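Single-structure report; data block below.
Chain naming here is simple, since letters A, B, ... match the order of the sequence lines and numbering starts at 1 in each. Note that the structure is predicted; figures quoted are calculated from it, not measured.
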Amino acid sequence: MLHLDLLRREPDHVRVAARRRGIGAEFVDRILDLDRERRAALTTVEALKAEKNALTAEIGKAADKKAAAAGLRPRIAELDARIAAAGERLPAFDQQIDAALTEVPNLLDGSVPDGSDEHANVLVRSWGEAPRFAFTPKPHWEIGERLGIFDFERAAKLSGSRFTVLRGAGARLSRALAQFFLDRAARNGYVEIDPPLLVSRSTMWSTGQLSKFSDQMYSFDGDGASDALYLIPTAEVPLTAMHRDELLAGDALPVRYAAHTPCFRKEAGAAGKDTRGLIRQHQFEKVELVWLTTPERSFDDLETLVRNATGLYEELGIAHRVMLLCAGDTGFNAAKTFDVEAWMPGADTYREISSCSNCTDFQARRSSIRFRREAGAKPELVHTLNGSGGAIGRTLVAIVENYQRADGGVTIPEILRPFAGFASIEPDGRVR
RNA sequence: GGAGAGAUGGCGGAGCGGUUGAACGCAGCGGUCUUGAAAACCGCAGGUCCUUCACGGGACUCGUGGGUUCGAAUCCCACUCUCUCCUCCA
């Protein structure tokens with residue numbers, strides 16, 4: 001969430017940012033009005049409390065405390081009444097301001113281009129060329145079903161639509177990708193984490209996933225509101241929230257974590273979109289990369305994070321491009337996002353395989369993740385970054401489609417062979 | 001699931017209901033000493049918020065939320081979490 005002080009000091013900045021995202025800016029004045037009222041009430045209450053505290057201290061210092069207390073009690077009682085009256089609306093103000101503020105998306109970085117949807121995203125760079133086929137390349141679901149490595153029908157029988165059973169070489173390849181991604185993450189200096197997949201409501205809230213996207217989440221109610229648990233929609237949630245309510249030493253930054261986890265999403269609102277194959281699933285795996293870093297270097301670190309992601313696809317020999325998302329396409333938490341898109345021959349287009357964001361201090365404020373630059377310095381909020389490195393299911397799609405052969409088999413990229421333990425999937429589904 | 005113990009500042013750890021926002025130790029900062037450093041000694045030093053141009057002043061804060069009291073880190077209630085033992089179990 002944004003700092004209230006920013007709204008006070010630079011309301012126009014916040015209004016402009018909101019409009020660029022395509023949302024109304026009325027909330028600015030509404031919050032500022034509430035804030036004015038709240039501060040007026042707060043100042044009154046605090047002055048009265050100070051007065052009362054002075055009287056109480058007098059009793060404490062008196063030689064005969066009983067007598068002093070008896071003498072001052074009427075004045076204290078009167079102050080109590082005035083404090084209660086003046087402070088009556090304070091909790092409501094706090095609640096309303098908080099509720100309104102948590103609905104406000106992050107400020108956009110100055111380098112983010114205008115635009116309302118993905119058509120306005122800007123090509124930053126591309127790598128590799130789309131492979132040429134002497135035949136018409138097939139979509140991954142056709143290849144995969146024929147090879148017996150993807151089984152969508154049985155997945156539907158088990159769980160419904162948007163689930164996939166990976167079988168044989170498909171399951172092994174998925175596991176190999178996880179290994180490959182984790183290996184590279186470690187090589188790039190990330191500490192591997194195996195986090196809980198179920199997290200509490202407060203954890204989900206602290207990373208900014210709740211209220212805005214709550215309809216995307218699977219949850220378990222528990223017996224009361226406090227013990228509700230949510231299935232993580234991405235490992236970004238536990239990784240970012242690990243240091244919630246902590247004050248880190250400046251020299252501990254940047255903290256860099258990698259985790260391989262399943263992710264669970266309801267995909268509400270995605271009806272009819274990517275219904276075939278395993279592009280958009282209720283359950284998918286990825287390796288997530290998270291940074292907790294300092295404000296002055298976070299945008300440079302974002303570039304590094306993107307390089308970490310694209311490096312994987314270079315090694316896999318899959319053509320891809322980096323897009324800078326426009327204002328309207330940038331997510332709620334992010335100040336700036338690059339998407340990495342891989343070439344998918346079956347769909348004859350690029351598809352997102354990694355999304356790397358700098359959330360600046362937006363999540364850190366909500367989660368209270370701070371650092372002390374040096375001993376004695378004031379605590380500051382860290383900047384949080386997250387990105388996939390990479391998405392296992394979608395990379396599986398990219399491999400199957402980019403490395404498909406005329407005979408229906410699939411060649412395994414060289415780099416992946418030691419992880420997979422085989423070099424190709426033959427037309428009969430066997431590996432070699 | 002049953003029984004017990006606990007939760008205090010960056011860390012460790014004290015704290016008869018009344019100048020305790022909190023002793024003491026470690027870590028930190030400034031200084032003395034030293035060519036420099038270490039050691040020793042002296043001093044400073046939590047966080048959030050409100051107010052002020054500023055100096056400063058004030059409120060809140062000892063797991064969370066209530067209560068008792070003129071006054072609560074200290075007493076009472078509820079909740080959360082942690083640890084130990086038993087039970088169960090991959």
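The two atoms that bring A185(A) and A258(A) nearest to each other are CB-CB, 3.7 Å, heavy atoms only.
Using modelled atom types and a 3.5 Å distance limit, the side chains of S111(A) and K336(A) yield a donor-acceptor pair. Under the 3.5 Å distance criterion, with hydrogens and angles disregarded, no donor-acceptor pair is assigned to the side chains of N333(A) and N106(A).
Protein atom CG of D94(A) is 15 Å distant from nucleotide atom P of C60(B), rounded to whole Å. Rounded to whole Å, atom C1' of C70(B) lies 7 Å from atom NZ of K52(A). Rounded to a whole Å, the CD atom of E380(A) is 16 Å from the P atom of G10(B). In this structure, E46(A) atom CD and C60(B) atom P are separated by 8 Å, rounded to whole Å. With rounding to whole Å, R365(A) atom CZ is found 14 Å from C49(B) atom C1'. Between the P atom of C50(B) and the CD1 atom of I97(A) lies a distance of 10 Å, rounded to the nearest Å. Here C49(B) presents its P atom at 15 Å from CG of L90(A), a figure rounded to the nearest Å. Rounded to whole angstrom, the span from the CG atom of D245(A) across to the P atom of G63(B) amounts to 14 Å.
Nearest to the side chain of R73(A), among U48(B), A59(B), C70(B), sits C70(B). Of the candidates G47(B), C70(B), U51(B), U51(B) carries the atom nearest the T43(A) side chain, counting heavy atoms from C-beta on. Here the nucleotide nearest the side chain of L42(A), chosen from U48(B), C70(B), C49(B), is C49(B). Of all nucleotides listed (G47(B), G18(B), G58(B)), G58(B) comes nearest to the side chain of A50(A).
Between R370(A) and U48(B) there is a side-chain polar atom (N or O) within less than 4.0 angstrom of OP1 or OP2. Within the structure, every side-chain polar atom (N or O) of N53(A) is placed at least 4.0 Å from both OP1 and OP2 of C70(B). Applying the 4.0 Å criterion to OP1 and OP2 of C49(B), one finds that R38(A) has every side-chain N and O outside that range. Taking 4.0 angstrom as the limit, R75(A) places none of its side-chain polar atoms (N or O) nearer than this to OP1 or OP2 of C70(B). Residue K49(A) places none of its side-chain N or O atoms closer than 4.0 Å to OP1 or OP2 of G58(B). Using a 4.0 Å cut-off, some side-chain N or O of R8(A) falls inside it from OP1 or OP2 of C50(B).
The distance between the ring centers of F180(A) and F419(A) falls below 6.0 angstrom.
Of the C1' atoms belonging to C77(B) and A72(B), the separation is 15 Å, rounded to the nearest Å. Nucleotides C16(B) and U69(B) place their P atoms 23 Å apart, quoted to the nearest Å. Across the C1' atoms, C76(B) and G57(B) are found 35 Å apart, a figure rounded to whole Å. U20(B) and C79(B) are spaced 35 Å apart, taking the P atom of each and rounding to whole Å. Rounded to whole Å, the separation between the C1' atoms of A14(B) and C26(B) comes to 15 Å. Taking atom P in both U19(B) and A38(B), the straight-line distance is 39 Å, to the nearest Å. On the P atoms, A59(B) is 41 Å away from G4(B), given to the nearest whole Å. U52(B) and G65(B): their C1' atoms are spaced 34 Å apart (whole Å).
Counting heavy atoms of neighbouring residues, nucleotides and ligands inside a 6.0 Å radius, atom CZ of R8(A) exceeds 12 of them.
P113(A) meets the side chain to side chain contact (heavy atoms under 4.5 Å, CB included) test with V122(A), L324(A), C326(A); sequence neighbours excluded.
Using Watson-Crick or G-U wobble geometry with both donor-acceptor distances under 3.5 Å, G36(B) finds no partner in any strand shown. Partner assigned to A59(B) is U48(B), using Watson-Crick or G-U wobble distances below 3.5 angstrom. If you check G9(B) for Watson-Crick or wobble pairing at under 3.5 angstrom, you find it has no partner at all. Base pairing analysis places A78(B) opposite U64(B); the two distances defining the Watson-Crick or G-U wobble pair are each below 3.5 Å. Shown here, C16(B) forms no base pair; nothing in the strands shown gives a Watson-Crick or G-U wobble contact with both key distances under 3.5 Å. The partner of G4(B) is C83(B), judged by Watson-Crick or G-U wobble contacts that both fall below 3.5 Å.
Projected onto RNA chain B by closest heavy-atom contact, V45(A) and R372(A) fall at different nucleotides, the more 5' of which corresponds to R372(A). Nucleotides of RNA chain B nearest to L247(A) and G60(A) differ in position, and the one nearer the 5' end is that of L247(A).
Contacts of H3(A) with the nucleic acid, taken as non-hydrogen atoms under 4.0 Å apart, involve only primed sugar atoms and P, OP1 or OP2. Across all strands shown, R36(A) has no heavy atoms under 4.0 Å from either base or sugar-phosphate atoms. Across all strands shown, A57(A) has no heavy atoms under 4.0 Å from either base or sugar-phosphate atoms. The residue D80(A) sits apart from the nucleic acid: no heavy atom pair falls under 4.0 Å.
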Begin from the C-alpha positions of F371(A) and H383(A) and carry the test ring-ring contact (aromatic ring centres under 6.0 Å, His included) through to its verdict. CA-CA 10 Å; F371(A) 75 103; H383(A) 278 197; 8.9 Å; no

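Taking syn as a glycosidic angle within 90° of 0, U61(B) qualifies as syn.
Using a 4.0 Å cut-off between a side-chain N of Lys or Arg and a carboxylate O of Asp or Glu, R175(A) and E285(A) do not qualify as a salt bridge.
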